[in-house]
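Per chain, numbering begins at 1; letters A, B, ... match sequence-line order. Bear in mind the structure is a predicted one, so any value in this text is a computation, not a measurement.
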Protein chains: 2
Amino acid sequence: MDKKQKALFEARARIIKAMAHPTRLYIVDELSRSERCVAELTEMIGADTSTVSKHLSILKNAGLIKDEKRGTQVFYYLKTPCILNFFGCVESVLKSTAEENISLIESK
Amino acid sequence: MDKKQKALFEARARIIKAMAHPTRLYIVDELSRSERCVAELTEMIGADTSTVSKHLSILKNAGLIKDEKRGTQVFYYLKTPCILNFFGCVESVLKSTAEENISLIESK
DNA sequence: CAGATATTTGGCAATATAGCCAAACAGCCA
DNA sequence: TGGCTGTTTGGCTATATTGCCAAATATCTG
């Protein structure tokens with residue numbers, strides 16, 4: 001693996017890593033329905049505001065979401081809706097694993 | 001966010017987390033072309049065999065790849081090729097971020 | 001069985017991540 | 001300006017991840 005190729009995989013991993021957390025997945029999912037301000041997300045998630053704010057900045061730095069300030073509030077929204085394609089596949093992995101577990105139990 | 005919903009996002013995050021590493025992305029990419037044994041991947045990646053083996057077991061536990069033993073070798077292959085859909089979107093995030101950076105520079 | 005090859009596991013040190021609290025900061029309004 | 005609301009940042013501790021080495025395990029072959 002040469003240097004250039006390595007850099008590409010590192011760049012890709014940074015983006016995926018940004019989504020590799022339940023709270024951040026939740027945020028992405030929620031923003032796919034509509035934009036939200038920090039306070040709204042904090043309420044839904046049930047963590048400290050500062051924690052949610054940090055998760056948002058991770059998603060933002062990865063280039064997945066954008067923000068817009070309106071008065072004292074900051075609204076966040078999805079930048080690249082294609083992210084949602086991730087979910088379909090993740091779901092099918094979950095499903096296939098679950099099915100295997102079931103057949104393991106049944107054939108016992 | 002209720003308990004059930006939380007568990008679902010945690011399950012999804014576990015799968016995404018398994019891919020959130022450059023070496024593991026490389027492995028998935030490589031296995032999308034053909035199955036490979038540990039020694040082959042180790043050679044391509046240029047890390048310790050034990051390191052590669054651990055990465056493989058992370059992918060396997062997440063349900064993304066499967067293995068098959070043949071003699072002393074263990075061959076790994078993709079279990080859910082739809083994972084590759086991830087890459088398309090990751091690429092478009094990378095591209096859009098890059099374009100923004102360029103326009104930032106140009107409008108300076 | 002002994003030796004060789006391929007892979008996994010245990011253990012450890014370095015580094016990264018998560019979440020909370022407290023404090024700083026920003027914009028609004030009286 | 002001073003206080004209020006909403007958000008971000010700094011700092012800390014607890015926990016998780018990474019990657020190497022050494023050792024264990026498995027399979028094949030003479």
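A:Thr23 comes within contact range of no nucleotide atom at all, as no heavy-atom separation falls under 4.0 Å. Residue contacts shown for B:Lys60 are absent, as no nucleic acid heavy atom lies under 4.0 Å away.
Here C:dT7 presents its C1' atom at 10 Å from CG of B:Leu56, a figure rounded to the nearest Å. What separates CD of B:Glu68 from C1' of C:dA6 is a distance of 16 Å, to the nearest Å. Rounded to whole Å, the distance from CG on A:Leu25 to P on C:dA18 is 12 Å. In this entry the distance linking CD1 of B:Ile16 with C1' of C:dT17 reads 17 Å, nearest Å. The distance between atom CG of A:Asp48 and atom P of C:dA23, rounded to the nearest whole Å, is 14 Å. If you take NZ of B:Lys17 and P of C:dA16, they are 16 Å apart, rounded to a whole angstrom.
At least one donor-acceptor pair under 3.5 Å links the side chain of B:Ser32 to the backbone N or O of B:Asp29. For B:Gln73 (side chain) and B:Arg70 (main-chain N/O), no donor-acceptor pair under 3.5 Å exists by modelled atom type. With hydrogens and angles ignored, the 3.5 Å screen pairs no side-chain donor or acceptor of B:Thr51 with any backbone N or O of B:Ala47.
Mapping heavy-atom proximity under 4.0 Å, the span of DNA chain D touched by chain B runs 5' to 3' from D:dT17 to D:dC28.
Each of A:Glu40 and B:Ala20 was matched to the nucleotide of DNA chain D holding its nearest heavy atom; the match closer to the 5' end belongs to A:Glu40. Residue B:Ser53 is the one, among A:Lys69 and B:Ser53, whose nearest nucleotide of DNA chain C lies closer to the 5' end (criterion: closest heavy atom).
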Salt bridge (charged side-chain N to carboxylate O under 4.0 Å, His left out) between A:Lys66 and A:Glu35: does it pass, once the steps are laid out? CA-CA 10 Å; A:Lys66 290 180 114 175; A:Glu35 58 166 34; over 6 Å; no
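Close to C:dC20, at under 4.0 Å from its OP1 or OP2, lies no side-chain N or O of A:Lys54. The phosphate of C:dA6 (OP1 or OP2) has no side-chain N or O of B:Tyr76 nearer than 4.0 angstrom. Close to C:dG27, at under 4.0 Å from its OP1 or OP2, lies no side-chain N or O of A:Thr72. Between A:His55 and the phosphate of C:dG19, there is a side-chain N or O to OP1/OP2 separation shorter than 4.0 Å. Residue A:Arg24 places at least one side-chain N or O closer than 4.0 Å to OP1 or OP2 of C:dA18.
Using a 4.0 Å cut-off between a side-chain N of Lys or Arg and a carboxylate O of Asp or Glu, A:Lys17 and A:Glu10 do not qualify as a salt bridge.
A cation-pi geometry, defined here as NZ or CZ lying under 6.0 Å from the six-membered ring centre and within 45° of its normal, holds between A:Arg12 and B:Phe87.
For B:Gln73, whose side chain is taken as the heavy atoms from C-beta onward, the closest listed nucleotide among C:dG19, C:dA6, C:dA22 is C:dA6.
Note: A:His21 and A:His55 have tilted aromatic rings, judged against thresholds of 30 and 60 degrees for the angle between ring planes.
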